Amino acid sequence: MRRIIFPKSLLPLLHSRAIISGQIHDPFVAGNILESLLRAYPSAHFQAHALLSFSPHHSTFMYNTLLHAYLCNNLPTHAILLFYEMLLHGTTPNNHTFPLVLKAFSQAPQYKNGAFIHTMILKRRLDSDSYVHASLIHFYGAAGCIVEARRVFDEKQLPGISAWTALLSGYAKNGNLSMAWELFVRMPDRNLVSWSAMISGYVQCRKPEKALALFQEMMKSKVRPNCSVLVNVLVAAAEVGALQVGKWVHMYLEKNCMCLSSNLKTSLVHMYARCGDLLSAKQTFRRFRDKNVDLWNAIITGIGLYGRGEEAFELFVNMSDDGIPPDDMTFIGLLSACSHSGMVAEGRKCFEAMSKIYRIEPKLEHYSCMVDLLAKAGLVNEMVQLIQTMPMEPNARIWGSLFSSCRILGDITSGEIVGKQLIQLEPRNSGCYVQLANLYASSGRWQEAVAVRDIMKRRGVVLEPGCSLIEVDGMVHEFLVGDKTHPKANEICCVLDVMARSLRVEGYVLNNSVS
DNA sequence: TTAGGGTTAG
């Protein structure tokens, strides 16, 4: 018998007929009704679960179909519970079940015991299935168990392209870009997803310029990009301020009539805002009809970045008028807008309202924004009080804000304590050592300044050179401190000299202190 | 008997 997808209009009739005639006892018929229901109503997973529960036969196919529906609706925990229910019911999982279950475990990190699935797969000898194999590698990679992922990969004689891609992605997610690149170069075949995984790896590891270069190479190889790739390109463009690249992506999407996913819409607005083109950010935002909370957050955060706090709050009101409830990211955008605009009173109100009115408990990031706001306003006592009442340990950004305040106020004693704390939190970050050494130097404590630099050297911490990027005609140029390898370095230095001289003539004095 | 993988922001 061939697979049947029942039309939406006939579903209730066919379902009742199947019950009356007793055909519902046929697992194939019951499975088809369940699948047809979920095709017609993709969000009807709870009804589908009820149908499964009342069905006389619980086939593996029915469970797999429902597992798939839960994952499509971003409900991995429900999928995991359904899998347990499946096992309790005595229904045998098959090669189609495990990729779904492994994905659910990857998406629900609170379930840390997913490794037992591997044992079940081995017992059933399903590890040779290419889908199961790639899913296992992905599962271990996402869980940070890259050694195990590699072991699974190496166990198969001829791993498929998905297995290669899953391992590549796993290395990138765990910060090992060189190994990811090695796999990308070595893999016997590449497809769009492999390119996408490598580009995404560069974006995740904060190497946006490499992501853009690889994207150019991908286009030269005549591989057509999809939404996933373009979202990553927009993120990379936003990171380095490559407005022309971002605009090119926007045009490409329109020219090819590509359907814009919510991620793409958000990334476009984010890109324009981060590249400083606020007008395009606002125009693009207005053009989109279905605005979800993420899109609103992108424009609120973007506007706030440029010190337009009041406009950010106006947008927040518009968002509420549109019936979109805020989430925790909305408040990060608003608090950050207050910080960039010096709106202390509004920031305090906003911080209070988020838990009292909107029932959103402040996370570390919200405290971080609030501390930043108070630090910039010079309200040190209030800032210290807030840090002391935080229900979690402060992060390096919070200590950094506190350190800046101490430095500005010339409070060397407190600055010393905070600076040491920062080094303890981020021992590999050269900036922490340099800031403490500068603090000592600013108060004439030269020996201690030298001692901090010595500790840094002994620990093998390399001073990361300052770097700035600029995009000219679609090309991103990178400049490091002391680096004169740029082909137009001499001309650029001449212009900078003229500018520096003009500034001196106007009475400006060079400030070399680290902020 | 049908179905399942690897890539997607802040």
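What you see is a predicted model, and the numbers here were worked out from it, not measured in a lab.
The interatomic distance linking A/Ile137 (CD1) with B/dT7 (C1') rounds to 15 Å, in whole Å. Atom CG in A/Leu183 sits about 13 Å away from atom C1' in B/dG6, given to the nearest Å. Between the CD atom of A/Gln107 and the C1' atom of B/dG6 there is a distance of 13 Å, rounded to whole Å. Atom pair A/Ile300:CD1 and B/dA9:P shows a separation of 20 Å (rounding to whole Å applied). Look at CG on A/Leu52: it is 20 Å from P on B/dT2, rounded to the nearest Å. The CD1-C1' distance, from A/Ile117 to B/dG4, rounds to 14 Å in whole Å. Following rounding to the nearest Å, A/Leu136 (CG) and B/dG6 (P) show an atom-to-atom distance of 12 Å. The CG atom of A/Asp327 sits 15 Å away from the P atom of B/dG10 (whole-angstrom rounding).
Heavy atoms of A/Gln204 sit under 4.0 angstrom from primed sugar atoms or phosphate atoms, though from no base atom. Nucleic acid contact class of A/Leu168 (heavy atoms, under 4.0 Å, all strands): none. A/Val193 comes within contact range of at least one nucleobase, with a heavy-atom separation under 4.0 Å. Among the protein residues, A/Val229 comes within range of no part of the nucleic acid, since none of its heavy atoms lies under 4.0 Å from any strand.
Applying the 4.0 Å criterion to OP1 and OP2 of B/dA9, one finds that A/Lys265 has every side-chain N and O outside that range. For B/dG5, the OP1/OP2 oxygens have no side-chain nitrogen or oxygen of A/Ser130 closer than 4.0 Å. Taking side-chain N and O atoms only, A/Ser169 has a distance below 4.0 Å to OP1 or OP2 of B/dT7. Considering only side-chain N and O atoms, A/Lys103 lies nowhere under 4.0 angstrom from the phosphate OP1 or OP2 of B/dG4.
The pair A/Glu239-A/Lys210 does not count as a salt bridge, with every side-chain nitrogen at least 4.0 angstrom from each carboxylate oxygen. Remark: A/Arg348 does not engage A/Glu352 in a salt bridge, criterion side-chain N to carboxylate O under 4.0 Å. Taking a cutoff of 4.0 Å between a charged side-chain nitrogen and a carboxylate oxygen, A/Lys282 and A/Glu311 qualify as a salt bridge. We find that A/Glu155 and A/Arg151 are not joined by a salt bridge, their nearest charged nitrogen and carboxylate oxygen being 4.0 Å or further apart.
Checking B/dG5, B/dT7, B/dG4 against the side-chain heavy atoms of A/His138 singles out B/dT7 as nearest. The side chain of A/Ser196 has B/dT7 as its nearest neighbour among B/dA9, B/dG4, B/dT7. Closest contact between the side chain of A/Tyr131 and the listed nucleotides B/dA9, B/dG4, B/dG6 involves B/dG4. The side chain of A/Asp26 sits closest to B/dT1 out of B/dT1, B/dA3, B/dT8. For A/Ser267, the listed nucleotide lying nearest its side chain is B/dA9; candidates were B/dT7, B/dG5, B/dA9. The side chain of A/Asn64 has B/dA3 as its nearest neighbour among B/dA3, B/dA9, B/dG6. Among the nucleotides B/dG10, B/dT7, B/dA9, the one closest to any side-chain atom of A/Lys173 is B/dT7. For A/Asp294, counting side-chain heavy atoms from C-beta on, the closest listed nucleotide (B/dG6, B/dG10, B/dG4) is B/dG10. Comparing B/dG4, B/dG10, B/dT8 by their closest approach to the side chain of A/Met329 singles out B/dG10. Nearest to the side chain of A/Ala197, among B/dT7, B/dG5, B/dT1, sits B/dT7.
The stacking criteria are not both satisfied for A/Trp195 over the base of B/dT7, which would need a centre-to-centre distance under 5.5 angstrom and an angle between ring planes under 30 degrees.
Taking only distance into account, the side chain of A/Asn232 never meets the base of B/dA9 through a donor-acceptor pair shorter than 3.5 Å. Residue A/Asn94 places no side-chain atom within donor-acceptor reach of the base of B/dG4, judged by atom type and a 3.5 Å distance cut-off alone. Looking at A/Ser135, its side chain has no donor and acceptor atom pair within 3.5 Å of the base of B/dG5. In the interface, the side chain of A/Ser228 is paired with the base of B/dT7 through a donor and an acceptor atom under 3.5 Å apart. For B/dG4, its base sits under 3.5 Å from the side chain of A/Asp129 at one donor and acceptor pair at least.
For A/Glu310, the CD atom is loosely surrounded, since the number of other residues' heavy atoms within 6.0 Å does not exceed 12.
Within the 4.5 Å cutoff, the side chain of A/Leu177 has heavy atoms near those of the A/Tyr202 side chain. Counting heavy atoms from C-beta outward, A/Phe83 and A/His78 have side chains that stay 4.5 Å or more apart.
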